[in-house]
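Residue numbers start from 1 in every chain, and the chains themselves are labelled A, B, ... in the order their sequence lines are given, proteins ahead of strands. All of these numbers come straight from a predicted model, not from anything done at the bench.
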There are 2 protein chains.
Amino acid sequence: MREDYAIERFRKNGYKITPQRQEILKVFVGNNLPLSAEEVHRKVVERYPNISLDTVYRNLSILLELGIISKLDFILEGKSRYELNSGKHHHHLVCLKCGVTEAIDFCPFKSLDREKIEEEKKFEIKKHSFELFGHCELCREKPQEKSF
Amino acid sequence: MREDYAIERFRKNGYKITPQRQEILKVFVGNNLPLSAEEVHRKVVERYPNISLDTVYRNLSILLELGIISKLDFILEGKSRYELNSGKHHHHLVCLKCGVTEAIDFCPFKSLDREKIEEEKKFEIKKHSFELFGHCELCREKPQEKSF
DNA sequence: CTACTTGCAAATAATTTGCATGCGA
DNA sequence: TCGCATGCAAATTATTTGCAAGTAG
């Protein structure tokens, strides 16, 4: 259970289990789409009407620090998005019209490529991003394209 | 000559050739590293001490619109970076310590991969990003890692 | 009880916009 | 001259921080 695991990590690192924190965690556990801070806040407010956006931001930092969530490496809309760490390496399909972001398992980067580049460029690769931007099925025929 | 080409594009699209605009263009032509708005401003100020950061931003938009520069799809430091369109497809090596960004020609994404995904996911791919994050040769042994 | 947390308000930082003046074509 | 451009100041947006009060353990 991913939620129990996260709560265990809170405890081990001296963080208290507050209802707000728990609810923010639940939003991610119950959702495998990347969410913005505001979206997380919007969901948590349903149950904790007084929770502030600040608290969401502060808890996102902690979840990041504990490796429970990740911040996406790309920004389309001028704000960051965060997603639960699934444990499996993956990338994303991102719609340039509606912003919908879907995870895909496919990765084109092979270990031979990595070795060659590390050798040639004297660069130690820690991670990589690979994102596909385009139009999702629903947005194919929409005329207007968002600016992001 | 890339600069002449850009100036031609300005003309054709009804944009005037102001000294500030020309100087901003020159910064990119004389530099193949991705630059932030502030870095561009810093360079242009050397020659036009009164130029405002606003003007830089406004001209970056125009350069983007005309396809003369591109905005990088990833953000590490909380701000966007822009680079001259080289005409060749490429990706980047990005140092997580010092932020240095180098272009590389290597691309792992093949047309067969593309076709398969477009078919399977019913997603029309318009562009993709592929960035390698890690430590450059100079930063290998540095102890501190920046937060971005 | 005590340190971590929270909400509120204010501060930052990047980027954008309104407006009157300036200047290229 | 005329409309696009610029500089300045103020607005916006995402995110961060200071602080006093609240609460988990």
| note | Assign each of B:R21 and A:S61 the nucleotide of DNA chain D bearing its closest heavy atom; nearer the 5' end lies the nucleotide of B:R21
| note | When A:Y15 and B:T18 are each assigned the nearest nucleotide of DNA chain C, the 5'-most assignment goes to A:Y15
| said: Could you check whether any side-chain N or O of A:D113 sits under 3.5 Å from a backbone N or O of A:F109, counting only pairs where one atom can act as donor and the other as acceptor? | reply: no
| Check: B:K97 side chain, B:H135 main-chain N or O, donor-acceptor pair, under 3.5 Å | no
| Closest contact, heavy atoms only, A:I69 versus A:L64 | O-CD2, 3.6 Å
| note | For B:H92 and B:I104, the nearest pair of non-hydrogen atoms, with its separation, is N-CG1, 4.1 Å
Starting at [atom1] of [X] and ending at [atom2] of [N], how long is that distance when rounded to a whole Å?
X	N	atom1	atom2	result
A:I62	C:dC4	CD1	P	11 Å
A:K79	C:dA13	NZ	C1'	17 Å
B:R11	C:dG24	CZ	P	13 Å
B:N13	C:dA25	CG	P	14 Å
A:Q22	C:dT5	CD	P	13 Å
B:Y48	C:dC23	OH	P	13 Å
B:H41	C:dA13	NE2	C1'	16 Å
B:Y82	C:dA14	OH	P	12 Å

| said: Of all nucleotides in DNA chain D that come within under 4.0 Å of a heavy atom of chain B, which is furthest toward the 5' end and which toward the 3' end? | reply: D:dG3 to D:dA9
| query | Which is true for A:Q20 with a 4.0 Å heavy-atom rule: it touches a base, it touches only sugar-phosphate, or it touches nothing? | reply | sugar-phosphate
| message | At 4.0 Å (heavy atoms only), tell me whether A:S80 reaches a base, stays on the sugar-phosphate, or touches nothing. | response | sugar-phosphate
| request: Tell me whether the centres of the aromatic rings in B:Y82 and B:F28 are closer together than 6.0 Å. | output: no
| field | Derivation of the side chain to side chain donor-acceptor pair (under 3.5 Å) call for A:Y48 and A:Q22 | value | CA-CA 11 Å; A:Y48 293 87; A:Q22 224 167 148; over 6 Å; no
| task | Measure the spacing between CG of A:L25 and CD1 of A:I62 and express it to the nearest 0.5 Å. | result | 12.0 Å
| field | Matching residue for A:D73 among A:K126, A:K127, A:R81 - test: salt bridge (Lys or Arg N to Asp or Glu O under 4.0 Å) | value | A:K127
| Within residues 51-59 of chain B, residues whose heavy atoms come under 4.0 Å of DNA chain D | B:I51, B:S52, B:D54, B:T55, B:R58, B:N59
Please list, pair by pair, any protein nitrogen or oxygen found under 3.5 Å from a nitrogen or oxygen in nucleotides 1-3 of chain C.
unit_1	atom_1	unit_2	atom_2	d
C:dA3	N3	A:K16	NZ	3.0

| field | Under 3.5 Å side-chain donor-acceptor pair for A:H89 and A:H128 | value | yes
| Under 3.5 Å, is there a donor-acceptor pair between the B:H91 and B:E102 side chains? | no
| said: Counting only heavy atoms not in A:R42 (residues, nucleotides, ligands), do more than 12 fall under 6.0 Å from its CZ? | reply: yes
| message | Taking the basic N atoms (NZ, or NE/NH1/NH2) and the acidic carboxylate oxygens, is any pair closer than 4.0 Å for A:K43 and A:E39? | response | no
